[in-house]
Amino acid sequence: MVPIRDNLLSPSKYDLKVPVESCAKDMKYIVVHNTANDASAANEVAYMIRNDSSTSFNAAVDDKEIVVGIPLNRGAFAAGQRDGNAHGIHIEICYSLSGGTRFDKAEKNAAEYIAKLLKERGWDTSHLKKHQDFDGKYCPHRTLDKGWQRFLNMVKSYMTASTPAKPTPKPSAPKPTCTGDLTYSAYAGRHWLPQVKNCEDYAGNFWQAMEGLKINAKNCDIYYRVHLRGGDWLPEIKNSGAGANGYAGIYGVQIDGVQIRTPVGFVDCRVHIMGGGWLGWVRFGSKYNSGANGYAGIYGSAIDAIQME
């Protein structure tokens, strides 16, 4: 859009050039006029604000700029009829006497400006009027010669073009309701044993006490901790990784208890006691529970294998 600037009428002339009953809340129309001369917007406004005639308008538009002479929350004496004067924002399109490319450009600028004003007020083109609608004068004369519907269509096209389409929101991934596949591995016999998925196998070696545990879940973070034989619970581990903080356990110290928690779903887990057998399944949820049923294992009995799903 071309630049918009003000060259405002002095309030001392409001009694002469502004309908007394006009105010922002009562505005209903945008009224289109042609100047019927070849003056620029700057000259049109300058002449209007300095002369002592009551004839007035709100803004003039030419091929290069828009100049506002009377604030848009006020009417003007431009339509020859009280309703149109008091409740209309009056826009003059310049260079209509001779027409040609300057007028064509001014008219396009006016259509874009009017589209902006309509959108700002939440109005459709039913609020867009021509001077002729109020007192019958053949104005805006050149715009009418070229076709009023053509001008309305131009305004509508600017209203559509200036409304960016709302981006289609990217569908959010559904929140997981289960952990998904669990992958885990055990450290025993001074090395990490092969990784296992769910209950396709078990992690560990019978007769080799587990000294470390790594767990990952497909759909969420997984949290876990182990109890040391003859010791206490170690700090919680989140998922698995490299280094001392990437697994639960201490190399060289046997594990005799396992706890797991998950923010979604649950994990069923069982352990094998070295020299014994598989213990019963324990279901882990979103928090650690205390007591004998709150962990997999038996204090004092080394774990040598683990399964989970």
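Here the structure is a predicted model, which means the values were calculated and not measured.
Checked by atom type, the side-chain pair N85/Q81 shows no donor-acceptor distance below 3.5 Å. Side-chain contact, T179 with N219: no donor N or O sits under 3.5 Å from an acceptor N or O. Counting only N and O atoms by type, the side chains of N51 and S53 include no donor and acceptor under 3.5 Å apart.
Atom CD of Q195 is separated from atom OG1 of T183 by 4.0 Å, given to the nearest 0.5 angstrom. Rounded to the nearest 0.5 angstrom, T143 OG1 and M154 CE are separated by 8.0 Å. The distance from atom OG of S56 to atom CG of L16, rounded to the nearest 0.5 Å, is 8.0 Å. Interatomic distance, SG of C139 versus CD of Q132, reported as 9.0 Å (0.5 Å rounding).
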Donor-acceptor list for residues 239-251 side chains, cut-off 3.5 Å, not counting sequence neighbours:
unit_1, atom_1, unit_2, atom_2, d
N239, OD1, I222, N, 2.9
N239, ND2, D221, OD1, 2.9
S240, OG, N216, ND2, 2.5
Y251, OH, W192, NE1, 2.9

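Residues passing the ring-ring contact (aromatic ring centres under 6.0 Å, His included) test with F206, sequence neighbours excluded: Y202, H272. For K129, the salt bridge (charged side-chain N to carboxylate O under 4.0 Å, His left out) test picks out no residue, with sequence neighbours left out. Taking F134 as the reference, Y29 meet the ring-ring contact (aromatic ring centres under 6.0 Å, His included) condition, with sequence neighbours excluded. For E44, there are no salt bridge (charged side-chain N to carboxylate O under 4.0 Å, His left out) partners two or more places apart in sequence or in a different chain. With sequence neighbours excluded, the residues that form a salt bridge (charged side-chain N to carboxylate O under 4.0 Å, His left out) with E236 are R261. With sequence neighbours excluded, the residues that form a ring-ring contact (aromatic ring centres under 6.0 Å, His included) with H33 are H90, H131. Considering only residues two or more places apart in sequence or on other chains, D256 meets the side-chain contact (heavy atoms from CB on, under 4.5 Å) condition with H227, R229, Y299.
D6 places no side-chain N or O within donor-acceptor distance of the main-chain N or O of V67, the cut-off being under 3.5 Å.
The salt bridge (Lys or Arg N to Asp or Glu O under 4.0 Å) pairs that include a residue from residues 273-285 are D268-R283, where partners are two or more places apart or lie in different chains. For residues 82-97, the pairs satisfying salt bridge (Lys or Arg N to Asp or Glu O under 4.0 Å) are E21-R82, K28-D83, with sequence neighbours left out. Counting only residues at least two apart or in different chains, salt bridge (Lys or Arg N to Asp or Glu O under 4.0 Å) contacts with residues 52-62 comprise K13-D52. The salt bridge (Lys or Arg N to Asp or Glu O under 4.0 Å) pairs that include a residue from residues 147-156 are E107-R150, where partners are two or more places apart or lie in different chains.
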Residue pair K146, D104: steps toward the salt bridge (charged side-chain N to carboxylate O under 4.0 Å, His left out) verdict: CA-CA 10 Å; K146 292 165 70 69; D104 292 343; 3.3 Å; yes

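By the criterion of side-chain heavy atoms lying less than 4.5 angstrom apart, applied directly or through intervening Ile, Leu, Val, Met, Phe, Trp or Tyr residues, Y158 is not grouped with V31; the two fall into different hydrophobic clusters.
No salt bridge links D145 with R142; every basic N to acidic carboxylate O contact stays at or beyond 4.0 Å. Between K116 and E112 there is no salt bridge, since no side-chain nitrogen of the basic residue lies less than 4.0 Å from a carboxylate oxygen of the acidic one.
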